[in-house]
Amino acid sequence: DAGVTQSPTHLIKTRGQQVTLRCSPKSGHDTVSWYQQALGQGPQFIFQYYEEEERQRGNFPDRFSGHQFPNYSSELNVNALLLGDSALYLCASSWGGQGLYSNQPQHFGDGTRLSIL
Amino acid sequence: DAKTTQPPSMDCAEGRAANLPCNHSTISGNEYVYWYRQIHSQGPQYIIHGLKNNETNEMASLIITEDRKSSTLILPHATLRDTAVYYCIVRVAHGGANSKLTFGKGITLSVRP
């Protein structure tokens, strides 16, 4: 049973460029959340997708956008890259519970390491 | 979500139990306690979660005090592979998709030979 998979594992971009990161959730999961982890810090929530819609968003600018596909996989897009966007980007999947009260844990992939030059 | 407080670091000897404390004095009745750990260069790994009863699985035990203001994660027989940053997170579970996880700095556990 494959867990959460993310691609690519590493990426180098320059300031001003755009980047797309990809995530395939764990089998049976329908909800995808994205987190940014700067060096030495805990992960920070970016946004969450469920039923192909953004359901929650953290304190990140509009340069960060996403998408969820019918097969539950997801993309994170970042435009106009800044040096401060250098970080480990983590995807987490979970079961949304069909709109019910849910305490299901989120399961993480190993992330994409993005470096901005 | 309620805030959690963890000491920055601790160590324990291999083969001994590791008891990792967490304070969450402002926890609400509908908030769960979750523990994750992150080994260098990997994504966070889910360990265990609970509401008010003690919980045990193949990885660890979670002890939550009766007033729910603190909890302890217990690794019964620590190994060198348990060296990691451990995060204690309090999260409300509400209708719809899972709510976000709010990570603090965590506690760095070092297991010594």
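Chain letters run A, B, ... following the sequence lines, proteins first and then strands; every chain starts at 1. All figures in this text were calculated on a predicted structure; none of them were measured in a lab.
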- Task: Return the minimal non-hydrogen interatomic distance between Gln37(A) and Tyr87(B), and the atom names on each side.
- Result: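 So the minimum-distance heavy-atom pair works out to NE2-OH, 3.6 Å.
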- Pro44(B) and Leu90(A): which non-hydrogen atoms are nearest, and at how many Å?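 Pro44(B) and Leu90(A) have their closest heavy atoms at CD-CD1, 3.8 Å.
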More than 12 non-hydrogen atoms from neighbouring residues, nucleotides or ligands closer than 6.0 Å to [atom1] on [X], yes or no?
{"X": "Arg15(A)", "atom1": "CZ", "value": "no"}
{"X": "Asn59(A)", "atom1": "CG", "value": "no"}
{"X": "Arg16(B)", "atom1": "CZ", "value": "no"}
{"X": "Leu39(A)", "atom1": "CG", "value": "no"}

- Task: Would you mind checking which part of Phe47(A) comes under 4.5 Å of any heavy atom in chain B, side chain (CB onward), backbone (N, CA, C, O), both or neither?
- Result: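 No part of it gets close to chain B.
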- Give, as side chain, backbone, both or neither, the part of Gln6(A) having an atom under 4.5 angstrom from any heavy atom of chain B.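 For Gln6(A), there is no contact with chain B at all, as no heavy atom is under 4.5 Å.
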- Using heavy atoms and a sub-4.5 Å threshold, report which of residues 103-113 of chain B line up against chain A, by residue number.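 The list, in residue order, reads Phe103(B), Gly104(B), Lys105(B).
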- Message: Using modelled atom types and a 3.5 Å cut-off, is there a donor and acceptor pairing between side-chain atoms of Asp110(A) and backbone atoms of Gln42(B)?
- Response: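 No, the answer is negative, given that no donor and acceptor are paired below the 3.5 Å cut-off.
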- Message: Any side-chain to backbone donor/acceptor pair from Tyr36(B) onto Gln106(A)? Under 3.5 Å, distance only.
- Response: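 Judged by distance alone, yes, a pair lies under 3.5 Å.
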- Message: Taking side chain as everything from C-beta outward and backbone as N, CA, C, O, which of these in Gln38(B) sits under 4.5 Å from a heavy atom of chain A? Side chain, backbone, both or neither.
- Response: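 Looking at Gln38(B), just its side chain touches chain A.
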- Message: In the structure I gave you, are the side-chain heavy atoms of Leu101(B) and Pro43(A) within less than 4.5 Å of one another anywhere?
- Response: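 A side-chain contact is absent here, since even the closest heavy-atom pair is not under 4.5 Å.
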- Query: Is it true that Tyr32(B) and Ile74(B) fall in one hydrophobic cluster, defined by side-chain heavy atoms closer than 4.5 Å?
  - Reply: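 In one cluster with Tyr32(B): Ile74(B), no.
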